[in-house]
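Only one structure is covered here, and it is reproduced in the block below.
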Amino acid sequence: MRLLIQRFAPDGRVARTRWFGEGLVAAGLGFGVLAVIGLVLWTTSPFPDSGAGGALRVVAGLWLLAHGTELVRAETLSGVPAPIGLTPLLLTALPCWLLHRAVRVALIGERNPAVGPRAAAWVSAGYLLPAAPAVLYTLGGPISARPLSALAVMPLLTVVVTGASAVAVLGWPAPWPDPYRLAAAGRAALAGTAAVCGAGALLAAGALVLHADTAQRTFGQLSGPWSGRFAVLLLGLALAPNAAVWAAAYGLGPGFTLGAGSVIAPLGLAGTGTEGAEPRLPAFPLLAMAPGGVGDGWAVWATAAVVPVVGVGVLAWFTARGAVRSGSGCAATALTALLAALGCGLTLGGLAALAGGPLGTLALAEFGPDPVLTGAAAAGWGALAGVPLSLLLRVWQLRTVSPWEAVAGRLRRRRAEPLVEEGARSAGAAERDGAPEDPAHKGRRPERRGRRWWRRRAGEEHPLHTTISRLRRRLRSGPEPVDTPPPAGVPRTPDMPFDQETDLSPLRDTARER
């Protein structure tokens, strides 16, 4: 691709054409990976009625769904089209990584941060070029995409990912007032978001282990053939990051929705379904992690509190470390922590918007966490607890001697005290016996007898290293000269070097006689 661009593109447009081509290649790779998986599942299915064209339409719908586009499923039991707006985040990770890779490859050799936005715009244009044909191709299949949703969500996700990748590669452009502070706040925000999602993943995994019997029973009820069960397993893996975001929203406080009018939060199951009872969930293994009943015990509160505690701790640690390295003061550290809290709230709000959405009509018209409440809760935790904790960690990291070093030194002194007492007792015994005390050894730790080969004094070379060095010197200097006796008639002068003016007439006379 790059060779063709350099061969046929004009001289002034090589860079822009190359950036456009990188985005086009990234879109093709993302669609190709999903196409391979979809065609493999279609060929192994016992009922391949729709043909290869229908399978490719489903693949195109999944590719659009991975970017946040809402789909519509026409074939339902009730005959009413059912919307699908819940995005599997594992599928979203693939186009995000491909876009980041395309921007990074497009900016190879660039050093000017002002080039980053232009490269990101051209990569986004190349990536969005196949979107319109994909939307039109899905309109005749069993799962079609809504054009307005694709027009609104897909360009937004693409531009955000490419812009963030350009900033990560080249840095902030010049108009920004303080790029170093923004970079430090961005790193702290990403670290805090990752910590919150990681704690949510552990919380979801623990809940799924507690309800393992229900998950196993529903897994066997969904499909009989092994190809269908494999498809259910792939769907569960694709929705595993969604479960982490749901659990993170649960730990932050707002909770998540598993049906219209119901909210699952640390306070318990609030609200009711459409018929005045708890919502009836579909039989899916991943939904077995949902807690039931009222959770007002201290164990529930302590388990849910792990999510904000871990997130705030990681955010404050990264903020304080960046402040210490850059030499920022208290006011700059507090401002960086506030920016990091705001960034963490925006990121978690976006993830909650992608992780939730409708899965059908009536009870499943609302599903997942509320993005506004989840983002506000994350920003509130970061602002209220992250700012003071960042200041405390900054003061702690600026200490000359850390508490760990102080504890280690105290332990070393405690271990050395018995040896010093033993040396003092031996010195006292020597004085009582009348032996004079050597002032050079006064107050020193008595040396241990039988010192091992691995216990060497400071500056002492290892015996093996000494042997190797000696062998290297011998090899470099060559073989040692052999002391051969001089010919007959030449006086032996070992203390004088050979001189060209030496009289060699006796040696010539001897050679003539022979």
CG of Leu98 to CD of Glu22, rounded to nearest 0.5 Å, is 11.5 Å
Are Leu56 and Leu39 packed together at the side-chain level, in the sense that at least one heavy-atom pair is separated by less than 4.5 angstrom? yes
So side chain to side chain donor-acceptor pair (under 3.5 Å) across residues 90-100, not counting sequence neighbours, yields His100-Ser165
Side chains of Leu203 and Val306 in contact at under 4.5 Å (non-hydrogen atoms):
no
Go through Leu129 and Phe20 one step at a time and tell me if the side-chain contact (heavy atoms from CB on, under 4.5 Å) criterion holds. CA-CA 10 Å; Leu129 181 63; Phe20 188 86; 3.8 Å; yes
Separation between CG (Leu157) and OG1 (Thr162), nearest 0.5 Å, reads 9.0 Å
Heavy-atom nearest pair, Ala189 first then Cys344, reads CB-N, 3.7 Å
Do His67 and Val153 have side chains that approach each other closer than 4.5 Å (heavy atoms only, starting at C-beta)? no
So, do Thr138 and Ile143 sit near enough that their side-chain heavy atoms are less than 4.5 Å apart?
no
Are Val324 and Arg394 packed together at the side-chain level, in the sense that at least one heavy-atom pair is separated by less than 4.5 angstrom? yes
Tested for side-chain contact (heavy atoms from CB on, under 4.5 Å) against Asn242, the lone hit among Thr87, Leu351, Leu89 is Leu89
d(Thr319 OG1, Leu389 CG) to nearest 0.5 Å is 9.5 Å
Taken to the nearest 0.5 Å, the spacing of Leu348 CG from Cys197 SG works out to 5.5 Å
Quick one: are Val59 and Trp63 in side-chain contact, heavy atoms under 4.5 Å?
no
Margin query: For Trp381, is the CH2 atom crowded, meaning more than 12 foreign heavy atoms sit under 6.0 Å from it?
Written below: no
Closest heavy-atom pair, Ala195 versus Gly311, reported as atoms and distance to 0.1 Å, is CB-CA, 4.2 Å
Between Leu65 and Leu91, does a side-chain contact (heavy atoms from CB on, under 4.5 Å) hold up when you go through it step by step? CA-CA 8 Å; Leu65 181 64; Leu91 295 182; 5.7 Å; no
Can you classify the ring geometry of Trp317 versus Trp396 as parallel (below 30°), tilted (30 to 60°) or perpendicular (above 60°)? tilted
One should read off an interatomic distance between Leu34 CG and Leu29 CG, to the nearest 0.5 angstrom, of 11.0 Å
Between the OG atom in Ser390 and the CG atom in Leu315, the distance rounded to the nearest 0.5 Å is 6.0 Å
May I ask you to decide if Ala106's main-chain N or O and Trp19's side chain share a donor-acceptor pair within less than 3.5 Å?
yes
Salt bridge (Lys or Arg N to Asp or Glu O under 4.0 Å) filter on Arg321, not counting sequence neighbours, yields none
Minimal heavy-atom distance between Pro358 and Glu70, with the atoms involved, is CG-OE2, 4.0 Å
What one should report as the nearest heavy-atom pair of Ala145 and Leu139 is O-CD2, 3.8 Å
Does Leu234 reach the side chain of Ile37, with side-chain heavy atoms less than 4.5 Å apart? yes
Between Ala238 and Pro241, the two heavy atoms sitting closest are O-CD, 3.6 Å
Note: Tyr127 and Ala26 closest approach over all heavy atoms is CE1-C, 3.8 Å
Worksheet item: Do Leu354 and Val245 come close enough that some side-chain heavy atom pair is under 4.5 Å?
Response: no
